[in-house]
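Here is the structure we will look at, set down as structure tokens.
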Amino acid sequence: MLEVMDRLERFYGPLPLPPEDPFALYVWVVLGIRTTASRRDAAMGALRRIPALTPDSMGKAPRAKLEKAVALAGPYREERLRALSSGVDVFKRNRDLP
């Protein structure tokens, strides 16, 4: 079994590690639902460039920029934006979420 996993890793490369920051991890998961890793990573990169990877910065970011960044993840843009908005609210109310 380990041999097969080694061969798969050599072929596909190592899997990307999720972010360590709780809010960034939440964003990473929301952007990764029903899409490919490369699209998720493109959207995360766009949010980093805004910057919008903290609850405060995402809450203050212009809606048009967020929409453009989230669209890079693929379809379900409105659902992702709603989930991110809800996450911003939860993380702002609970600053000590692990």
Side-chain angles (χ1 to χ4, degrees):
M1 181 67 164
L2 289 177
E3 181 183 321
V4 171
M5 291 181 67
D6 288 338
R7 289 177 58 205
L8 287 171
E9 185 174 356
R10 281 194 306 273
F11 183 79
Y12 289 107
L15 291 176
L17 295 175
E20 291 184 19
D21 175 69
F23 183 72
L25 175 62
Y26 174 76
V27 172
W28 191 78
V29 170
V30 168
L31 295 176
I33 295 173
R34 295 182 282 184
T35 193
T36 63
S38 61
R39 284 180 162 218
R40 176 204 60 218
D41 294 345
M44 284 291 288
L47 289 174
R48 267 191 207 96
R49 287 187 294 279
I50 289 175
L53 282 181
T54 66
D56 293 327
S57 64
M58 186 172 284
K60 294 176 185 175
R63 174 79 178 188
K65 285 187 176 186
L66 288 177
E67 287 178 358
K68 188 175 178 182
V70 170
L72 295 173
Y76 311 106
R77 183 181 52 131
E78 288 303 318
E79 290 86 350
R80 292 180 208 282
L81 288 167
R82 275 195 299 272
L84 291 175
S85 177
S86 297
V88 165
D89 292 340
V90 168
F91 277 87
K92 280 185 174 181
R93 282 194 310 264
N94 304 295
R95 295 282 181 181
D96 59 344
L97 278 176

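Computed from a predicted structure; not experimentally measured.
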CG (Asp96) and CG (Asn94) are apart, to the nearest 0.5 Å, by 6.5 Å
Non-hydrogen atoms of Leu53 and Asp21 that approach each other most closely:
O-OD2, 4.1 Å
Show your working on side chain to side chain contact (heavy atoms under 4.5 Å, CB included) between Leu31 and Leu72 and close with a plain yes or no.
CA-CA 9 Å; Leu31 295 176; Leu72 295 173; over 6 Å; no
Do the ring planes of Phe91 and Tyr26 sit parallel (below 30°), tilted (30 to 60°) or perpendicular (above 60°)?
tilted
Under the side chain to side chain contact (heavy atoms under 4.5 Å, CB included) test, residues paired with Pro19 that sit two or more places apart:
Ala24, Leu25, Trp28, Met44
Do any N or O atoms from the side chain of Thr35 and from the backbone of Gly74 form a donor-acceptor pair under 3.5 angstrom?
no
Please report the shortest heavy-atom distance between Arg80 and Gly32, naming the atom on each side.
NH1-N, 4.3 Å
For Lys92, I'd like to know if atom NZ has over 12 heavy atoms of other residues, nucleotides or ligands within 6.0 Å.
yes
List for me each residue that meets salt bridge (charged side-chain N to carboxylate O under 4.0 Å, His left out) alongside Arg77, sequence neighbours excluded, and say none if there are none.
Glu67
Between Tyr76 and Leu84, is there shared hydrophobic-cluster membership here, with clusters defined by ILVMFWY side-chain heavy atoms closer than 4.5 Å?
no
Could you check whether any side-chain N or O of Ser85 sits under 3.5 Å from a backbone N or O of Leu81, counting only pairs where one atom can act as donor and the other as acceptor?
no
Check this for me, if you would: do Arg10 and Glu3 make a salt bridge, where the nitrogen-to-carboxylate-oxygen distance has to be below 4.0 angstrom?
no
Could you pull out all residues at least two apart from Arg95 that satisfy side chain to side chain donor-acceptor pair (under 3.5 Å)?
Asp56
Sorted by chain and number, sequence neighbours left out, side chain to side chain donor-acceptor pair (under 3.5 Å) with Thr54 holds for Ser57
What pair of heavy atoms forms the shortest contact from Ala61 to Ile50, and how long is it?
CB-CG2, 4.1 Å
When you compare the side chain of Pro14 with that of Glu9, does any pair of heavy atoms fall below 4.5 Å?
yes
Salt bridge (charged side-chain N to carboxylate O under 4.0 Å, His left out) with Glu20: which residues, sequence neighbours excluded?
none
What one should report as the nearest heavy-atom pair of Leu66 and Ala52 is CD2-CB, 4.1 Å
Of all pairs that satisfy salt bridge (charged side-chain N to carboxylate O under 4.0 Å, His left out), the ones with a partner from residues 37-47, not counting sequence neighbours
none
Any side-chain heavy atom of Met58 within less than 4.5 Å of one from Val27?
yes
